[in-house]
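Since we're looking at a predicted model, the values are computed, not measured.
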Amino acid sequence: MSAYIHKTDRRLRVRSDYILRNPQQVEQLIDQLKQIEAIDTISHKRFAGSVAITFNSSEMSADDLLETVESHGWLRSEQRHAFVENAVKNGSKTLVKGIAALALRQLVGPTLAKALPI
């Protein structure tokens with residue numbers, strides 16, 4: 001899941017893999033954010049990987065809040081991309097080896113077939 005951000009004047013909603021997979025770290029930051037007077041409410045939907053924060057826009061901007069959660073990794077994407085890249089790379093190697101073996105059989109096969117009594 002890529003990070004999803006929705007911000008208005010008084011509300012910021014972030015949904016990401018990091019929030020989904022790191023609930024303890026997210027809760028730690030939520031506890032810290034609750035200490036800020038400008039923040040009204042925080043709703044953490046753990047199994048959806050989502051946090052919604054309402055705040056007083058005259059004391060804090062959505063961009064400031066977004067910068068804070070971003071600095072704590074909430075917008076980070078998990079390393080699933082590396083898994084996909086490795087799978088594609090390994091699959092490509094297997095495909096190339098198979099094509100090379102097929103080409104070699106086509107090239108050498110008839111010669112070996114004539115030389116060997118079958």
Side-chain angles (χ1 to χ4, degrees):
M1 154 187 0
S2 60
Y4 167 82
I5 302 165
H6 182 259
K7 61 182 179 175
T8 64
D9 292 343
R10 299 185 31 87
R11 184 173 181 268
L12 175 69
R13 179 182 184 84
V14 179
R15 185 174 178 184
S16 70
D17 279 332
Y18 183 85
I19 295 171
L20 181 65
R21 301 190 194 296
N22 300 285
Q24 292 176 336
Q25 290 88 342
V26 171
E27 284 294 334
Q28 289 175 354
L29 181 58
I30 288 173
D31 290 340
Q32 294 173 8
L33 291 172
K34 286 180 179 178
Q35 303 303 314
I36 300 172
E37 289 184 25
I39 294 181
D40 298 326
T41 62
I42 301 176
S43 171
H44 179 201
K45 295 185 179 178
R46 180 179 175 185
F47 297 106
S50 173
V51 175
I53 305 168
T54 58
F55 55 93
N56 184 335
S57 60
S58 64
E59 296 178 31
M60 175 182 276
S61 72
D63 290 332
D64 291 338
L65 191 54
L66 184 59
E67 186 178 311
T68 300
V69 299
E70 184 175 18
S71 71
H72 283 80
W74 285 19
L75 303 182
R76 245 184 293 154
S77 176
E78 292 295 318
Q79 295 303 316
R80 289 186 161 202
H81 296 291
F83 172 77
V84 172
E85 287 177 8
N86 288 337
V88 169
K89 191 185 307 180
N90 291 337
S92 298
K93 286 180 184 178
T94 303
L95 179 64
V96 169
K97 286 179 184 177
I99 291 172
L102 182 63
L104 185 60
R105 278 189 215 131
Q106 290 292 328
L107 183 64
V108 178
T111 306
L112 288 178
K114 289 179 185 177
L116 297 173
I118 300 180

Report task. Check the pair Ile30, Lys34 against side chain to side chain contact (heavy atoms under 4.5 Å, CB included), reporting the backbone distance first and the verdict last. Result -> CA-CA 6 Å; Ile30 288 173; Lys34 286 180 179 178; 3.6 Å; yes
Requested in this report: Hey, could you give me the CG/CD1 distance between Leu65 and Ile36, rounded to the nearest 0.5 Å?
Outcome: 7.5 Å
Query raised in the report: Taking atom types as modelled, is there a side-chain donor on Ser16 or Arg76 under 3.5 Å from an acceptor on the other?
Result: no
Query raised in the report: What do the steps show when you test Arg10 against Asp40 for side chain to side chain contact (heavy atoms under 4.5 Å, CB included), and what is the final call?
Result: CA-CA 9 Å; Arg10 299 185 31 87; Asp40 298 326; 3.6 Å; yes
Query - Side-chain heavy atoms of Leu29 within contact of Trp74, under 4.5 Å - result: yes
Query raised in the report: With side chains defined as the heavy atoms from C-beta onward, is the minimum distance between Arg15 and His6 less than 4.5 Å?
Result: no
Report task. Quick one: closest heavy-atom pair of Ile42 and Ile39, and the distance? Result -> CG1-CG2, 3.8 Å
Query - side-chain hydrogen bond (donor to acceptor under 3.5 Å, both in side chains) partners for Lys45, two or more places apart - result: none
Query - Exercise: identify the closest heavy-atom pair between Leu75 and Ala3 - result: O-CB, 3.9 Å
Query raised in the report: Rounded to the nearest 0.5 Å, how far does OG1 of Thr68 lie from CE of Met60?
Result: 6.0 Å
Report summary line: In this structure, CG of Leu66 is separated from CG of Asp63 (nearest 0.5 Å) by 6.5 Å
**Report entry** side-chain hydrogen bond (donor to acceptor under 3.5 Å, both in side chains) evaluation trace for His72 with Gln25
**Finding:** CA-CA 9 Å; His72 283 80; Gln25 290 88 342; over 6 Å; no
Report task. State, yes or no, whether a side-chain contact exists between Val51 and Val69 at a heavy-atom distance under 4.5 Å. Result -> no
**Report entry** Minimum heavy-atom distance between Ser58 and Asn56, given as atom pair plus value
**Finding:** OG-OD1, 2.6 Å
Query raised in the report: For the atom pair CG (Leu12) and CD1 (Ile5), what is the distance rounded to the nearest 0.5 Å?
Result: 7.5 Å
Requested in this report: Check whether any side-chain N or O of Thr54 sits under 3.5 Å from a backbone N or O of Thr41 as a donor-acceptor pair, and report yes or no.
Outcome: yes
Query raised in the report: Considering residues at least two apart in sequence or located in another chain, which fulfil the salt bridge (charged side-chain N to carboxylate O under 4.0 Å, His left out) criterion with Arg46?
Result: none
Requested in this report: Check whether any side-chain heavy atom of Ile19 lies under 4.5 Å from a side-chain heavy atom of His44, and answer yes or no.
Outcome: yes
